[in-house]
Amino acid sequence: MEPRRLSRVDIGDKELADYAEAVGAEALERVRVLADQLRGARILHISSTPYGGGVAEHLSSQVPLLRDLGIEVDWRVLELEDRFIEVTKAMHNGLQGMAVEWDRKMEEVYEDLLRAHALGFQGEWDLIVAHDPQPAGLLAFLDELGDGRHRAARWVWRCHIDVSDGGGPVWDFLRPFVDRFDASVWTMEQFVPSSLAAVQPRHIFPPSIDPLTAKNAELSPGFVERACRTHGIDPARPLVVQVSRFDRWKDPVGVIEAFRSIRQRVPAAQLVLIGSMADDDPEGLEYWELANRTAAGLPDVHLLSDLDNRMVNALQRAADVVVQKSIREGFGLTVSEALWKGRPVVGGRVGGITLQIRDGVDGYLVDSAEEAADRTVELLADADRAAHMGSSGRRRVRENFLITREAEDYLRLVPAA
Ligand code: UDP
């Protein structure tokens with residue numbers, strides 16, 4: 001078997017001091033004090049892809065910030081192949097409770113790729129964080145090789161998804177790999193399947209957003225308006241936006257159905273669905289086409305793909321209401337992104353969305369397309385309430401879901417020297 005190497009993701013620099021205004025002096029000081037005690041510690045993050053989806057989004061901010069704090073942090077990604085991508089997509093769906101085809105051949109595809117990475121593994125670390133199912137098997141194959149040096153690090157599995165339904169045969173396969181880790185991290189306690197070894201230390205903390213990236217930084221009203229016009233959107237008319245991969249769990253079809261109902265009551269309303277095709281997501285195209293078919297004949301629906309971060313930022317800011325109508329959701333960074341921009345969010349009452357939106361305070365939690373439509377219409381009709389919810393959401397994000405809070409959480413995982 002040919003060894004495979006994890007490849008290093010190159011990312012720019014960040015300076016903690018730049019965050020003073022967004023996060024506040026106290027939060028800055030807390031993370032600085034913690035990092036000072038750990039100066040020189042070495043952390044490796046392993047994930048499957050350098051762009052597309054929430055994991056990539058949060059690591060591209062988290063890694064440079066921790067570096068600025070004097071921690072040696074690396075982010076490396078697996079060398080993927082198509083078959084592995086298909087298998088791990090099925091894995092992701094299966095873990096989230098969908099009935100998927102799962103057989104021994106698929107398990108072998110998974111094992112072979114990680115065994116090859118174990119053969120090519122190099123480097124020494126104090127903390128290694130493997131994100132999501134894709135790299136979870138690496139530790140077992142390193143253990144199998146038997147030289148033991150990799151065990152000098154503390155190995156933590158960071159699960160970004162909700163596995164509470166038990167995950168069926170996929171989880172039966174994955175669990176022994178996860179059991180080997182020294183600890184696991186989950187976004188919410190209720191995501192943890194009951195079968196996970198009770199002896200393994202478990203940490204619960206949600207992801208976060210970076211207020212200074214092109215995705216979240218302030219933009220001038222002029223730029224926002226031009227961004228709308230570039231895409232044929234009228235900035236003077238009501239706008240509803242959802243930003244999500246085209247994926248069944250994000251329910252783009254449900255959003256379009258909700259919009260159909262919104263249009264009957266607010267004929268000037270416009271809908272923007274922004275989706276990217278993540279590298280590790282073979283179903284993207286299928287759902288993109290399905291969304292296009294569902295929207296056929298419905299006026300003022302804009303399906304946009306692969307916009308750059310500033311453009312996504314601008315359209316989130318242009319929205320009167322942001323929707324995140326997921327039917328299953330690990331966290332949903334898009335919710336915090338919108339709340340941070342002072343936009344009220346109508347979100348599915350699932351997973352991490354319920355951590356972010358307090359129902360009736362920062363937006364609304366909904367259980368169906370019809371309810372999403374009703375709440376959106378309510379907010380479109382009452383600009384004061386929408387603005388009030390938006391500013392309450394911004395405060396909530398500031399206190400709970402900004403990058404410095406998560407930096408602290410990661411630093412607490414580093415073993416004492
Ligand atoms: N995103 C984007 N462009 C798109 C779709 C998504 O930039 O067309 C970003 C979105 O802004 C968010 C991340 O991708 O930062 C998605 O993270 P989330 O936690 O919402 O969902 P995931 O894709 O991880 O399930």
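Counting starts at 1 for both ligands and their atoms, following the listed order.
Close approach of ligand 1 to N309 is summarised as follows: ligand atoms under 4.0 Å from at least one heavy atom of the residue are 7 (O). Atoms of ligand 1 found under 4.0 Å from any heavy atom of E337 (numbered from 1 in listed order, with element): 10 (C), 11 (O), 12 (C), 15 (O). Counting atoms of ligand 1 from 1 in the listed order, those under 4.0 Å from a heavy atom of I274 are 8 (O). Interface of G275 with ligand 1, defined as ligand atoms under 4.0 Å from a residue heavy atom, comprises 4 (C), 8 (O). Ligand-side atoms of ligand 1 in range of V243: 1 (N), 4 (C), 5 (C), 6 (C), 11 (O), range being under 4.0 angstrom from any heavy atom. Close contacts of ligand 1 with G332, meaning ligand atoms under 4.0 Å from a residue heavy atom, involve 19 (O), 20 (O). Below 4.0 Å from some heavy atom of K215 lie the following atoms of ligand 1, by number and element: 2 (C), 7 (O), 9 (C), 10 (C), 11 (O), 15 (O). Less than 4.0 angstrom separates some heavy atom of E57 from each of these atoms of ligand 1: 15 (O).
When side chains are defined from C-beta on, Y410 counts as touching H45, because their heavy atoms get closer than 4.5 Å.
Checked against a 3.5 angstrom limit, the closest N/O atoms of R245 and ligand 1 fall inside it. Between L307 and ligand 1, no pair of N/O atoms sits closer than 3.5 Å. Backbone and side-chain nitrogen or oxygen atoms of K250 are examined, and one is located within less than 3.5 angstrom of a nitrogen or oxygen of ligand 1. Residue-to-ligand polar distances place G54 within reach of ligand 1: an N/O pair is separated by less than 3.5 Å.
Nearest heavy atoms, A407 versus L66: CB-CD2, 3.9 Å.
With sequence neighbours excluded, the residues that form a side chain to side chain contact (heavy atoms under 4.5 Å, CB included) with S61 are K14, D210, T213, I403.
In this structure, R310 satisfies the cation-pi test against F223, with its NZ or CZ atom closer than 6.0 Å to the six-membered ring centre and inside 45 degrees of the ring normal.
No close placement of the W171 and W102 rings is indicated, their centers lying 6.0 Å or farther apart.
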Could you go through W157 and W186, starting from their C-alpha distance and side-chain angles, then the distance that decides it, and tell me whether this counts as ring-ring contact (aromatic ring centres under 6.0 Å, His included)? CA-CA 9 Å; W157 187 53; W186 302 78; 5.7 Å; yes
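At a threshold of 4.0 Å, the pair D126-R154 does not count as salt-bridged, since none of the basic side-chain nitrogens sits closer than that to a carboxylate oxygen. The pair R405-E408 does not count as a salt bridge, with every side-chain nitrogen at least 4.0 angstrom from each carboxylate oxygen.
At a heavy-atom cutoff of 4.0 Å, ligand 1 is contacted by no atom of I209, backbone or side chain. Within the 4.0 Å heavy-atom criterion, neither part of H160 lies near ligand 1.
For the atom pair NE2 (H131) and OG (S47), the distance works out to 6.5 Å, reported to the nearest 0.5 Å.
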